[in-house]
Amino acid sequence: MSHRPSAPRGTHDVLPPETRRREDLIDTARAVFRAYGFEGIVTPTFEETEVFVRGVGTSTDIVRKEMYSFTDQGGRELTLRPEGTAPVARAFVQHGMHKRQLPVKFWYLAPMFRQEAPQKGRFREHYQLGVEVLGSDSPLVDIEVIAVLADLYARLGVPDIGLRISSMGDPESRAAHREALIPHLERNSARLSEDARGRLNENPLRLFDSKDDGVQAVMAEAPMLGDHLTDEASAHHDAVTAGLQKLGIDFESDPTLVRGMDYYTKTVFEFTCGALGAQSAIGGGGRYDGLVEQLGGPPTPGIGFGTGVERLMLALESTGVEVPAGLRCYVAILDDDLRIELLPLVAELRAAGISVETDLRGRGLKAMMKHAASRGAEQAVIIGKRDYDDGVATVRDMQTGDQQQVSLARLSEVLQ
RNA sequence: GUGAACGUAGCUCAGCUGGUAGAGCUCUGGCUUGUGGUGCCGGCGGUCGCGGGUUCGAGUCCCGUCGUUCACCCCA
């Protein structure tokens with residue numbers, strides 16, 4: 001027993017009927033993305049480690065302690081993708097997409113790997129649906145990207161959604177803010193927690209997000225990034241919020257909103273879902289105007305988001321939406337010889353677009369009927385020796401129990 | 001990575017102060033020789049997460065380990 005393997009810590013299998021709800025969710029997402037003109041992009045599950053180190057940033061928890069990195073047989077330093085944006089930016093650069101008509105708009109569904117402590121809504125492998133738009137610095141893109149995500153949540157019926165939005169400014173804004181913030185923190189270092197003092201210099205913005213009382217008190221009096229935005233960054237932010245208001249998308253301006261990637265500039269945002277508990281972030285993203293250049297490409301602005309598939313599933317669990325069964329018809333064949341004889345008939349039904357299942361174990365009618373019921377079949381088609389000799393099948397409505405004889409030739413037509 | 005709680009059949013759980021495992025559901029067979037969903041009867045299924053210790057004896061106590069959950073942290 002002890003050597004019976006199980007899924008590694010922080011990973012899990014997805015089984016029916018859960019898979020069905022998941023597939024439906026992904027179908028909906030794809031439809032929403034297409035409605036906005038996004039096209040799919042697929043990037044490798046692993047990248048050169050350098051992509052994330054340079055892209056995501058060395059001060060981030062992701063790069064510092066959460067990456068699954070390894071050296072392959074050829075001595076290459078590789079890392080399982082911990083986030084979705086840097087790989088897309090890398091692909092943009094590699095394929096010279098700046099020569100395409102800009103902006104390019106991509107969506108993806110991909111697994112992400114981070115070695116974190118697992119808990120509800122947080123796994124070491126999780127899937128994200130995401131979107132990236134590269135090649136326009138217009139606030140119109142920010143608005144569209146946030147709108148797609150809000151639209152997706154609405155279409156899925158995710159309950160208790162909240163949106164926080166802020167601006168990280170541009171490098172110039174951040175430098176000015178940092179010059180005011182660091183001295184403030186140093187003056188008050190006695191009131192900061194040990195952990196907070198440790199990261200005071202490398203990423204002081206992170207402290208705005210702290211839940212420590214002492215740190216919070218210091219940060220409440222700290223100079224805000226929002227007060228140091230350049231005119232351009234400030235105007236950009238105002239245009240984004242104006243657009244969201246015009247679309248009727250509710251949001252809360254939260255200058256303390258901080259996100260985990262170093263590449264963010266200007267607009268950052270995070271959607272939360274009250275049904276999720278401690279891991280309440282269900283999706284988030286922001287603008288990353290320096291990332292493409294950071295990865296060796298021409299200066300190219302970009303913005304995107306990621307939203308967690310598992311967290312979406314958790315959020316939707318509480319709504320108790322029933323998914324209809326996927327099976328239309330169960331064909332119960334009574335005679336062993338007929339099981340082979342009637343293979344073309346079953347094939348014909350399937351070719352006509354009817355979902356059909358048959359017994360694959362050679363069971364009796366009673367067991368087959370039970371199977372048909374538990375699979376949620378709308379109709380059972382019963383064909384025994386007598387029916388077959390008469391050229392008919394018995395079609396039973398599994399809801400009402402009504403039965404009728406239908407000629408084999410007309411079967412697919414009747415079942416439509 | 002840190003702290004706390006929990007870990008008994010596929011699932012949900014019971015098992016009092018230690019004496020060598022039980023229920024419901026699921027699955028399966030029968031009552032119903034070609035018919036499901038209700039009912040009755042039967043069956044399959046567990047070295048009590050794993051390893052060690054205390055004891056005449058441990059699911060029940062102790063330690064370790066793995067896993068899950070919650071909080072910190074971080075994020076989707």
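So you know, we letter chains A, B, ... as the sequences are listed, proteins then strands, and number each from 1.
Taking side-chain N and O atoms only, A:Arg122 has no distance below 4.0 Å to OP1 or OP2 of B:C73. Residue A:Gln119 has no polar side-chain atom (N or O) positioned under 4.0 Å from OP1 or OP2 of B:U68. For the OP1/OP2 pair of B:U35 and a distance below 4.0 Å, the side-chain nitrogens and oxygens of A:Lys366 include no atom meeting the criterion. Taking 4.0 angstrom as the limit, A:Arg9 places a side-chain polar atom (N or O) nearer than this to OP1 or OP2 of B:U68.
For the C1' atoms, the distance linking B:G64 with B:U54 amounts to 15 Å, nearest Å. The P atoms of B:U17 and B:G53 are separated by 25 Å, rounded to the nearest whole Å. Separating the P atom of B:G42 from that of B:G57 is a span of 38 Å, rounded to the nearest Å. Using atom C1' as the reference point in both B:A9 and B:G24, the two lie 12 Å apart (nearest Å). With C1' as the reference atom, B:G29 and B:G46 are 22 Å apart, rounded to whole Å.
For the pair A:Lys370 NZ and B:C31 C1', the interatomic distance rounds to 14 Å; values are reported in whole Å. What separates NZ of A:Lys120 from P of B:C6 is a distance of 19 Å, to the nearest Å. Regarding A:Ile333, its CD1 atom lies at a distance of 16 Å from the P atom of B:G34, rounded to whole Å.
Taking the nucleotide of RNA chain B with the nearest heavy atom to each of A:Ala7 and A:Phe271, the more 5' of the two is matched to A:Ala7.
A:Asp389 has no carboxylate O lying under 4.0 Å from a charged side-chain N of A:Arg386, or vice versa, which leaves the two without a salt bridge. Using a 4.0 Å cut-off between a side-chain N of Lys or Arg and a carboxylate O of Asp or Glu, A:Arg339 and A:Asp359 qualify as a salt bridge. Salt-bridge check for A:Glu144 with A:Lys105: passed, with a basic side-chain N closer than 4.0 Å to an acidic carboxylate O.
In this structure, of B:U69, B:A71, B:G34, it is B:A71 that holds the atom nearest to the side chain of A:Ala278. Residue A:Thr394 places its side chain closer to B:U35 than to any other of B:C74, B:G36, B:U35.
The partner of B:C72 is B:G1, judged by Watson-Crick or G-U wobble contacts that both fall below 3.5 Å. B:G34 is unpaired under the criterion used here, namely a Watson-Crick or G-U wobble arrangement in which both key atom distances are under 3.5 Å. Base pairing of B:C6: its partner is B:G67, meeting the Watson-Crick or G-U wobble criterion (both donor-acceptor distances under 3.5 Å).
Where stacking is scored as ring centres under 5.5 Å apart with planes under 30°, A:His126 registers as stacked on the base of B:A76.
With hydrogens and angles left out, the side-chain atoms of A:Asp170 and A:His236 include no donor and acceptor closer than 3.5 Å.
Under the salt bridge (charged side-chain N to carboxylate O under 4.0 Å, His left out) test applied with A:Asp24, the options A:Arg21, A:Arg22, A:Arg20 reduce to a single match, A:Arg20.
For A:His237, there are no ring-ring contact (aromatic ring centres under 6.0 Å, His included) partners, not counting sequence neighbours. Residues that satisfy the side-chain hydrogen bond (donor to acceptor under 3.5 Å, both in side chains) test with A:Glu270, not counting sequence neighbours, are A:Arg164, A:Arg259.
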Review item, nucleotides 3-5 of chain B N/O atoms under 3.5 Å of protein N/O:
none

